Amino acid sequence: MRGAEDGEVPVGAVVVRDNRILGRGHNRTEATHDPTAHAEILAIGAAGEALGDWRLTGADLYVTLEPCAMCAGAIQLGRLRRVVFGPRDPKFGGCVSVLNVLDQARLNHQVEQVEGILAEESRFVLRRFFRELRRQGREVAAVDPFPDDVAP
């Protein structure tokens with residue numbers, strides 16, 4: 001998956017509206033030294049740039065892992081119609097696992113959520129990535145979403 005070769009957690013995202021890709025992103029936090037350079041943030045930003053508008057009404061975000069609270073906030077603020085994600089992130093999930101940022105009736109915009117799409121495939125890629133980092137002797141426990149799933 002894109003970014004893994006550069007030591008980035010292999011998460012990718014794409015924003016689509018009317019069967020047209022508006023923006024893509026993959027994690028770039030290591031390369032940019034920016035904690036906000038998540039795949040979702042980059043894809044949402046690219047979509048806004050493509051449309052010339054920060055309002056992404058009617059657009060859907062597809063992402064390989066449950067978005068964190070920061071990304072869920074950007075999804076809500078960008079007024080996306082729907083977020084579709086793979087596995088839940090039990091450490092940082094901002095949609096259902098740890099927090100539920102998108103399902104707040106008091107917010108002025110509601111975002112549909114679909115989870116579990118290609119979850120096993122995404123989980124496999126993430127497990128493989130963190131297993132390789134462990135093999136290299138790198139400490140990853142703080143960020144690995146599936147540490148209990150990794151075989152020795």
Side-chain angles (χ1 to χ4, degrees), residues 1-4 6-17 21-48 54-134 138-152:
M1 187 172 247
R2 199 161 187 189
D6 299 327
E8 302 284 357
V9 176
V11 174
V14 63
V15 176
V16 176
R17 185 169 78 182
I21 295 175
L22 299 175
R24 307 169 204 255
H26 64 279
N27 280 358
R28 301 217 359 102
T29 55
E30 298 293 337
T32 62
H33 310 289
D34 179 355
T36 68
H38 288 197
E40 301 93 324
I41 299 294
L42 299 175
I44 290 168
W54 61 268
R55 295 169 196 87
L56 303 177
T57 308
D60 300 330
L61 174 76
Y62 297 87
V63 61
T64 56
L65 182 66
E66 177 185 0
C68 70
M70 174 187 67
C71 293
I75 292 163
Q76 199 281 331
L77 290 169
R79 299 184 182 159
L80 281 95
R81 175 178 65 175
R82 175 181 6 185
V83 60
V84 179
F85 61 89
R88 290 183 177 192
D89 184 339
K91 288 192 173 184
F92 298 104
C95 295
V96 292
S97 297
V98 178
L99 297 171
N100 196 333
V101 173
L102 298 177
D103 192 22
Q104 302 297 319
R106 295 181 300 179
L107 295 175
N108 69 329
H109 176 73
Q110 303 303 307
V111 179
E112 178 186 347
Q113 298 177 66
V114 179
E115 67 173 286
I117 305 302
L118 298 174
E120 285 307 311
E121 292 85 346
S122 293
R123 190 176 285 116
F124 174 81
V125 169
L126 286 160
R127 281 184 192 142
R128 183 176 60 199
F129 173 76
F130 284 108
R131 187 177 301 126
E132 177 58 24
L133 290 183
R134 281 188 186 85
R138 297 195 32 208
E139 175 56 45
V140 297
V143 294
D144 183 353
F146 312 113
D148 298 330
D149 292 351
V150 177

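Computed from a predicted model, the values in this text were never measured in an experiment. In what follows, residues are counted from 1 in the order of the sequence shown.
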- Item | Distance, nearest 0.5 Å, that separates OH of Y62 from CZ of R82 |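 Going from OH on Y62 over to CZ on R82, the span is 5.5 Å.
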
- Message: As an exercise, state the distance from CE of M70 to OG1 of T36, rounded to the nearest 0.5 Å.
- Response: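 M70 atom CE to T36 atom OG1 measures 5.5 Å (nearest 0.5 Å).
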
State, yes or no, whether a side-chain contact exists between [X] and [Y] at a heavy-atom distance under 4.5 Å.
X: E115; Y: E66; answer: no
X: E30; Y: V9; answer: no
X: T64; Y: V125; answer: no
X: L80; Y: I44; answer: yes
X: V11; Y: H38; answer: no
X: R17; Y: L56; answer: no
X: Q76; Y: N108; answer: yes
X: D144; Y: R134; answer: yes

Could you tell me which non-hydrogen atom of [X] sits nearest to which non-hydrogen atom of [Y], and how far apart they are?
X: E40; Y: C71; value: OE1-SG, 3.4 Å
X: G94; Y: A72; value: O-CB, 3.7 Å
X: P90; Y: P145; value: CG-O, 3.0 Å
X: F92; Y: V143; value: CE1-CA, 4.0 Å
X: A39; Y: G25; value: CB-O, 3.6 Å
X: I75; Y: P67; value: CD1-CG, 3.8 Å

- Message: Please enumerate all residues that pass salt bridge (Lys or Arg N to Asp or Glu O under 4.0 Å) together with E120, with sequence neighbours excluded.
- Response: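 Listed in chain order: R123.
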
- Task: List the steps and the verdict of side chain to side chain contact (heavy atoms under 4.5 Å, CB included) for E8 and F129.
- Result: CA-CA 9 Å; E8 302 284 357; F129 173 76; 5.9 Å; no

- Query: With D89, which residues qualify under side chain to side chain donor-acceptor pair (under 3.5 Å), at least two apart?
  - Reply: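 In terms of side chain to side chain donor-acceptor pair (under 3.5 Å), with neighbours along the sequence ignored, D89 is linked to no residue.
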
- In chain order, what residues pass the side chain to side chain donor-acceptor pair (under 3.5 Å) check against T32, with sequence neighbours excluded?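 Scan of T32 (side chain to side chain donor-acceptor pair (under 3.5 Å), adjacent residues dropped) gives none.
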
- Item | V111: which of V101, D60, L102 passes side-chain contact (heavy atoms from CB on, under 4.5 Å) |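 Single side-chain contact (heavy atoms from CB on, under 4.5 Å) partner of V111 among V101, D60, L102: L102.
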
- Evaluation steps, side chain to side chain contact (heavy atoms under 4.5 Å, CB included), between F85 and L61: CA-CA 8 Å; F85 61 89; L61 174 76; over 6 Å; no

- Task: Mark yes or no for whether N27, through its side chain, and P10, through its backbone, hold a donor-acceptor pair below 3.5 Å.
- Result: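 Checked: no pair found.
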
- Could you tell me whether a side-chain N or O of Q110 sits under 3.5 Å from a main-chain N or O of Q104, the two making a donor and an acceptor?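 Yes, Q110 side chain to Q104 backbone: donor-acceptor pair under 3.5 Å.
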
